[in-house]
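Just so it is clear, the values below take in all heavy atoms, side chains as well, and ignore hydrogens, waters and symmetry mates. Below, chain A is the first sequence line, B the second, and so on; all start at residue 1.
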Number of protein chains: 2
Amino acid sequence: MKINEVSKKYHIASDTLRYWERVGAIPAVTRDSAGYRNYDNEDLDWVSFAMCMRDAGVSVEYLIDYISLFKQGKQTVQARKELLNDQLEIVSARLAKMQKSYNKLKYKVDHYEKIDKDYEGKMGKH
Amino acid sequence: MKINEVSKKYHIASDTLRYWERVGAIPAVTRDSAGYRNYDNEDLDWVSFAMCMRDAGVSVEYLIDYISLFKQGKQTVQARKELLNDQLEIVSARLAKMQKSYNKLKYKVDHYEKIDKDYEGKMGKH
DNA sequence: ATAAACCTTAGAGTGGACTTTAAGGCAAGA
DNA sequence: TCTTGCCTTAAAGTCCACTCTAAGGTTTAT
């Protein structure tokens with residue numbers, strides 16, 4: 001699968017795909033004889049993984065660390081698992097915070113007319 | 001309440017509080033005779049609101065638009081409510097996306113040993 | 001009275017994550 | 001064969017949201 005097809009299928013800029021590969025947020029992508037990227041299933045799995053992590057708010061730097069461990073092979077399985085677990089907790093906290101914010105926002109919208117004081121507190125009535 | 005007290009109470013940098021006010025992401029804060037910021041309850045409500053929105057992933061630019069409408073008074077109530085509703089939907093979508101990512105990540109961690117193929121696919125066995 | 005610890009502003013600097021540009025190679029259709 | 005459109009890299013540029021610096025005014029404690 002060429003980069004532009006991947007871009008369309010996954011709704012992600014091809015520039016971003018190249019960027020992720022360049023900095024090491026995904027492992028090196030398979031190439032064809034012309035040197036063009038030719039994403040196989042495994043490459044696509046890494047793209048999905050990176051997108052998933054980014055959607056969850058995980059930093060590119062973290063992805064780089066993770067992939068770096070992955071490239072070092074089996075002996076890093078435990079370290080990788082721990083890294084994932086750390087991120088899992090962070091994501092979970094972020095999710096809870098967002099949920100709380102969403103609820104507050106929802107409440108505000110639902111009670112808008114009642115809540116709004118419309119600057120009268122500061123501007124005085126006129 | 002002075003800026004540093006607000007900073008400590010809300011766990012937010014005073015630079016950020018000044019920045020939000022400067023760009024108009026919150027309305028102008030009450031000042032004392034020396035020109036120092038002296039946050040009253042209403043000012044604090046705006047700080048909470050901005051923090052809540054930022055936590056939900058809402059952009060500073062959106063906050064500026066919202067506060068701009070607010071400053072124009074009662075005739076913008078409907079427009080503001082619509083803006084909030086738009087953001088509510090966007091936040092809701094982001095939340096769902098994050099939840100999905102979290103679930104995938106959780107699954108990956110829980111099944112780590114089974115899932116990991118450890119680069120053998122590409123590097124061959126040795 | 002004077003030093004330490006606050007506060008102010010304008011403007012410059014930073015970090016993260018892309019995104020664009022420049023200069024060029026490859027491939028498929030007319 | 002030529003043109004259109006894809007692909008490549010390295011490097012520079014952009015955008016967002018802060019964050020810091022410089023230069024100076026105020027308040028508080030000794």
- Grab the CZ-P distance between A/Arg22 and C/dA17 for me, whole Å please. 13 Å

- Could you pick out which residue, A/Tyr36 or A/Trp20, lies toward the 5' side of DNA chain C when each is mapped onto its nearest nucleotide? A/Trp20

- Whole-Å gap separating C1' (D/dC16) and CG (B/Asp65): 15 Å

- Message: Within the 3.5 Å criterion, strictly below it, is a donor on B/Asn38 or B/Thr30 matched to an acceptor on the partner's side chain?
- Response: no

- Could you give the CZ-to-C1' distance, from A/Arg31 to C/dC26, as a whole number of Å? 14 Å

- Query: Do the non-hydrogen side-chain atoms of A/Leu63 and A/Arg54 ever get within less than 4.5 Å of each other?
  - Reply: yes

- Checking only heavy atoms, does the side chain of A/Tyr19 share a donor-acceptor pair with the base of C/dG16 at less than 3.5 Å? no

- Hey, is the main chain of B/Ile12 close enough, under 3.5 Å, to the side chain of B/Ser7 for a donor-acceptor pair? yes

- Within 45° of the ring axis of B/Tyr39 and under 6.0 Å from its six-membered ring centre, is that where the NZ or CZ of B/Lys9 lies? no

- Message: Whole angstroms only, please: what is the CG-C1' distance between A/Asn4 and C/dC26?
- Response: 15 Å

- Item | 5′-ward residue of the pair B/Lys2/B/Val58 relative to DNA chain D | B/Val58

- Query: Rounded to whole angstrom units, what separation is found between the CD atom of A/Glu21 and the P atom of C/dC18?
  - Reply: 15 Å

- Query: Looking at A/Arg37, does any N or O in its side chain come under 4.0 Å of the phosphate oxygens OP1/OP2 on D/dT8?
  - Reply: yes

- Message: For a quick check of understanding: with a heavy-atom distance under 4.0 Å over all strands, which category does A/Arg18 fall into, base, sugar-phosphate or nothing?
- Response: base

- Non-hydrogen side-chain atoms of A/Met53 and A/Tyr62 separated by less than 4.5 Å: yes

- Message: Just the rounded figure in Å: distance from P of C/dC26 to CD1 of A/Ile3.
- Response: 18 Å

- Item | Value in whole Å for how far the P atom of C/dT8 lies from CG of B/Asp32 | 8 Å

- Measure from CG on A/Asp15 to P on C/dA22 and round the result to the nearest Å. 14 Å

- Sugar-phosphate only, base, or nothing, as touched by A/Ser14 at under 4.0 Å among non-hydrogen atoms: nothing

- Item | Side-chain N or O of B/Thr16 closer than 4.0 Å to phosphate OP1/OP2 of D/dT19 | yes

